[in-house]
Amino acid sequence: QVQLVESGGGLVQPGGSLRLSCAAPRTIFRRNAMGWFRQAPGKEREGVSCITAFDNTFHANSVKGRFTISMDNAKNTVDLQMNSLKREDTAVYYCAGRRKVVGYGPEYYCAGVYEMNYWGKGTLVDVTS
């Protein structure tokens, strides 16, 4: 069974920063679009940031300008740098992957939360003073 492993969550004050990392098997990393999704208490899971290539990324409006998704081909990791964190960013963050579909960019994958093929177990980000 494919396993995506997240790390880097924790407790942070508003305005602070955290960096999440997702390690994926090499075969999954190379063939899939990857993304970060989150689920806050009582809310639906939503796409936050997705990436199909190192220079092809998408960020939801709620995090644009504050979060940055990147990939490291040598380490087979997808990172999410989160700056200027707000209380409303509090959620469990999940790494996910889906086999790339020709002709579609990263926004397509972030919009299709229920179509993602592979999931990590999640890591909690708690923004509180």
Side-chain angles (χ1 to χ4, degrees):
Q1 186 168 350
V2 173
Q3 189 172 17
L4 306 181
V5 181
E6 303 102 335
S7 60
L11 195 68
V12 63
Q13 292 186 342
S17 298
L18 279 177
R19 188 176 184 89
L20 305 182
S21 187
C22 171
R26 187 179 184 85
T27 54
I28 297 300
F29 187 79
R30 288 193 165 190
R31 297 175 184 174
N32 283 257
M34 303 296 294
W36 285 94
F37 297 75
R38 68 185 181 186
Q39 188 165 17
K43 294 188 176 181
E44 294 286 324
R45 193 171 297 188
E46 61 176 356
V48 176
S49 300
C50 291
I51 186 168
T52 55
F54 82 97
D55 59 350
N56 199 3
T57 63
F58 167 80
H59 298 279
N61 287 336
S62 59
V63 305
K64 197 172 294 182
R66 301 188 296 121
F67 290 12
T68 302
I69 190 171
S70 61
M71 61 194 319
D72 188 324
N73 289 323
K75 297 180 180 179
N76 298 326
T77 58
V78 178
D79 291 351
L80 185 67
Q81 177 66 42
M82 306 185 295
N83 298 328
S84 302
L85 282 161
K86 304 176 181 179
R87 287 185 174 82
E88 51 263 44
D89 295 318
T90 293
V92 177
Y93 284 70
Y94 298 89
C95 178
R98 179 183 173 186
R99 183 67 68 97
K100 290 180 185 177
V101 180
V102 175
Y104 289 91
E107 183 174 0
Y108 169 77
Y109 301 97
C110 264
V113 58
Y114 298 110
E115 282 71 50
M116 301 304 282
N117 302 123
Y118 310 104
W119 288 94
K121 293 183 178 180
T123 184
L124 176 65
V125 172
D126 190 0
V127 184
T128 180
S129 54

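Residues Y114 and V92 fall within the same hydrophobic cluster, defined by Ile, Leu, Val, Met, Phe, Trp and Tyr side chains chained together at heavy-atom separations under 4.5 Å. V113 and V125 fall into different hydrophobic clusters, defined by Ile, Leu, Val, Met, Phe, Trp and Tyr side-chain heavy atoms under 4.5 Å apart, directly or through other members. Linking Ile, Leu, Val, Met, Phe, Trp and Tyr residues whenever their side-chain heavy atoms come within less than 4.5 Å leaves V48 and F37 in two separate clusters.
The structure places CG of N32 at 5.5 Å from OH of Y118, a figure rounded to the nearest 0.5 Å. In this structure, OG in S129 is found 10.0 Å from CG in L11, a value given to the nearest 0.5 Å. Note that the CD1 atom of I28 and the CZ atom of R99 stand 7.0 Å from one another [nearest 0.5 Å]. The NZ atom of K75 lies 8.0 Å from the OG atom of S21; values are rounded to the nearest 0.5 Å. In this structure, the separation between OG1 on T123 and CZ on R38 is 14.0 Å, given to the nearest 0.5 Å. For the atom pair L20 CG and T77 OG1, the distance stands at 12.0 Å (nearest 0.5 Å).
Using modelled atom types and a 3.5 Å distance limit, the side chains of D79 and Q81 yield no donor-acceptor pair. A donor and an acceptor atom, one from each side chain of Y108 and E115, are nowhere located under 3.5 Å apart.
The residues E6 and K121 are annotated as not salt-bridged, no charged nitrogen and carboxylate oxygen being separated by less than 4.0 angstrom.
Side-chain contact between L85 and F67: present, with at least one pair of heavy atoms (C-beta onward) separated by less than 4.5 Å. A 4.5 Å side-chain heavy-atom check between F58 and T52 finds every atom pair outside the cut-off.
When all heavy atoms are compared, the tightest approach of G97 to L4 is N-CD1, 4.0 Å. The two atoms that bring K43 and Q39 nearest to each other are O-NE2, 3.2 Å, heavy atoms only. Considering all non-hydrogen atoms of both residues, V101 and Y109 come closest at N-OH, 2.6 Å. Considering every non-hydrogen atom in both S17 and N83, the closest pair reads OG-OD1, 2.9 Å. Of all heavy-atom pairs spanning A33 and M116, the tightest one is O-CE, 4.3 Å. The shortest heavy-atom contact between M34 and C22 is CE-SG, 4.4 Å.
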Next on the checklist: Quick one, C110 with W36, criterion side chain to side chain contact (heavy atoms under 4.5 Å, CB included). Give me CA distance, side-chain angles, the key distance, then yes/no.
Outcome noted: CA-CA 8 Å; C110 264; W36 285 94; over 6 Å; no

Item to check | Candidate pair V12 and M82, rule side chain to side chain contact (heavy atoms under 4.5 Å, CB included), full reasoning | outcome: CA-CA 11 Å; V12 63; M82 306 185 295; over 6 Å; no

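Around the CZ atom of R19, the shell of radius 6.0 Å holds more than 12 heavy atoms that belong to other residues, nucleotides or ligands. E88 CD: more than 12 foreign heavy atoms inside a 6.0 Å radius.
A perpendicular orientation is assigned to the rings of W119 and Y94, their planes being inclined by more than 60° (bins at 30° and 60°).
Side chain of S49 to main chain of H59: no donor-acceptor pair is present (N/O by atom type, distance under 3.5 Å, no hydrogens or angles).
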